[in-house]
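Step one of this worksheet: look at the structure below.
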Amino acid sequence: MTENKDLLDWVAGVEKKVRPAKVSWCDGSEEEKACLIADLSASGHLIPLNEEKWPGCHLHRSHHQDVARTEHLTFICTENEEDAGPTNHWMSPKDADRKVGSLFEGCMEGRTMYVVPFIMGPAGSPHSKVGVQITDSAYVALSLRTMTRMGNIALEQLGTSTDFARCLHSLGDLNPDRRFICHFQEKSEIWSYGSGYGGNALLSKKCFALRVASWMAKEEGWLAEHMLIMGIEDPQGKVSYIAAAFPSACGKTNLAMLVPPLSQKGYKVWTVGDDIAWMRYGKDGQLYAINPEAGFFGVVPGTNTKTNPNAEKTIQKNTIFTNVAMTPDRSPWWEGRDKTAPAGMIDWQGRPWRSGDAAAAHPNSRFTTPAAQCPSISPEWENPEGVPISAIIFGGRRAKLAPLVFESFNWQHGVYLGATMASETTAAATGAVGVVRRDPFAMIPFCGYNMADYFSHWLEMGRKGENPPSIFHVNWFKTDEEGRFMWPGFGENLRVLRWILDRVHGKGATTDSAIGHLPAPGAIDLEGLETTEADMEALLNIDVEAWNAEAEDHKAFFEKFGDRMPDVLLREHQSLVERLSRSVTQEV
Ligand code: OXD
Ligand code: MN
């Protein structure tokens, strides 16, 4: 097992508190996987799917009130409230101990306590970090096996070091009134109680790799980001890598696995990661990124051979489907899979489903699948040094405002673009449609500390690198007067990425605007598309009045952060306002 005294002491302390019937250290072996699956199947927590059509795949149904991340029950437990900042919920470590710590007393009585060591990042990489999760959920232990490098490999990497994240999780009684996810950044510790949902219970992912790691990254001078990483290979065989942040419902997984359309002959896309990037400067002054995860935990509804053929192929085997529907031949099914739903299905809650009923699969149903199975997985995805990032892209869903693509003037302006990122709500979520939500760097739910300090850290990272990546903003979702999307999206987004890479490589014509560098007319290849140069003009149009209102909203958002807001970004705001007013004068 291990001789790591610190780890053994911590595990013994937890065992004493939670009083399990049994302790099981996960080694990551095939035999262990088979045992976990057998136990979960015997208890009805996993339902084997059609072995012929879906080899090694299982369905898991979570509690119907435990189907998504619960941000209002997620706390940053720094010593000082100010360090959590206005965009996080804060709980003092003392209160957390009293309110949440006490819930763990005896919570695993009669249950097995799994000790799951894991590595975030490729084994042996200097950028990787070790965590250990204690959990009473076999589903969580099994999922961690897919999502991380789990078991003995992690104990070997840890050796006798005391440097590991301590992640404690219990399902408790799944009562939403007793559900808490607490992060203690100062001691790299996470407690999660009362939920079995991946985003709350697989503590490697959002809790460690983002909320705790973002704090570590600030302390140690690197970046832990909610970003996909992809490589784009041109017809000459040169591969350039980009990292991109989008709020939810903007197609991040689809972009990471993009399949070039026939018109883009000779181009290839390589997937490095679909959700999280850890980035630091290499000796050559370039920013390098690793994907800390080993699997994809993706939203299932909407996945099909058109929207994401690579995801569709990835999930054909060895996949856990959580909260999807099941057809009579025991295949998984979800909305957006095919036009007509098969008859005789069972919905995500195990009830018979008929056409006209509510969605058969939960809108947030998920696949948990090994990244190595993805047809577009990059040969470099486990490179311990990471891949060199040439461009960083921020995006959002804006029906009218943001042009298809633009480039920041410099790093500082790029940080302003990240800090003012926003997306409009869609019908996929409850609440009003079309409401603008600010989600800087797509990190609002995941930044583990005061976001104003996070902005300062990003500014500092630009000063640190000799050759920081260029920063761009994209919006695939602009609509015309009739509300139709103006840009075809999906694989055709490669045309926009090609312009971005042209810019990075010193080519790619631009025209200037108040908000950044826009592609010059003809700079984005439209050959073979119905989109005309006139459409492109509309896609790149800047409505100064709307941008003035947007700039006002940026200011109101920044005011939330009071004195901690970096002056540099307030000055960037002022410069934007001035450029907008000059652009009106020029037009007149
Ligand atoms: C995710 C999320 O699950 O961003 O990746 O919510
Ligand atoms: Mn995510």
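Order of appearance sets the numbers: ligands from 1, and atoms from 1 within every ligand. Owing to the predicted nature of the structure, the values given are computational and were not obtained by experimental measurement.
- Restricting His226 to its N, O or S atoms, the one at the least distance from the Mn ion (ligand 2) is NE2.
- When only modelled atom types and interatomic distance are considered, Asp338 and Trp333 share a side-chain donor-acceptor pair under 3.5 Å.
- Shown in contact with Asp275 at under 4.0 Å from a heavy atom are these atoms of ligand 1, numbered in order with element: 5 (O).
- Counting only distance, with no hydrogens or angles, the side chain of Trp353 and the backbone of Ala358 share a donor-acceptor pair below 3.5 Å.
- Both tests pass for Arg397 against the ring of Phe477: distance under 6.0 Å to the centre and angle within 45° of the axis.
- In Asp275, the N, O or S atom that comes nearest to the Mn ion (ligand 2) is OD1.
- Interface atoms of ligand 1 facing His226, defined by a heavy-atom separation under 4.0 Å, are 4 (O).
- Counting backbone and side-chain atoms alike, Lys206 contributes an N/O/S atom closer than 2.8 Å to the Mn ion (ligand 2).
- Annotation: atom 5 (O) of ligand 1 to nearest protein heavy atom, Lys206 NZ, 3.0 Å.
- Atom NE2 of His45 has 12 or fewer heavy atoms from other residues, nucleotides or ligands within 6.0 Å.
- For Phe296, no heavy-atom contact with ligand 1 is shorter than 4.0 Å.
- In terms of protein heavy atoms, atom 3 (O) of ligand 1 is closest to Arg366 NH1, 2.9 Å.
- Under a cutoff of 6.0 Å and an axis angle of 45°, Arg178 and Phe180 do not form a cation-pi pair.
- In terms of protein heavy-atom proximity, atom 6 (O) of ligand 1 is nearest to Arg69 NH2, 2.9 Å.
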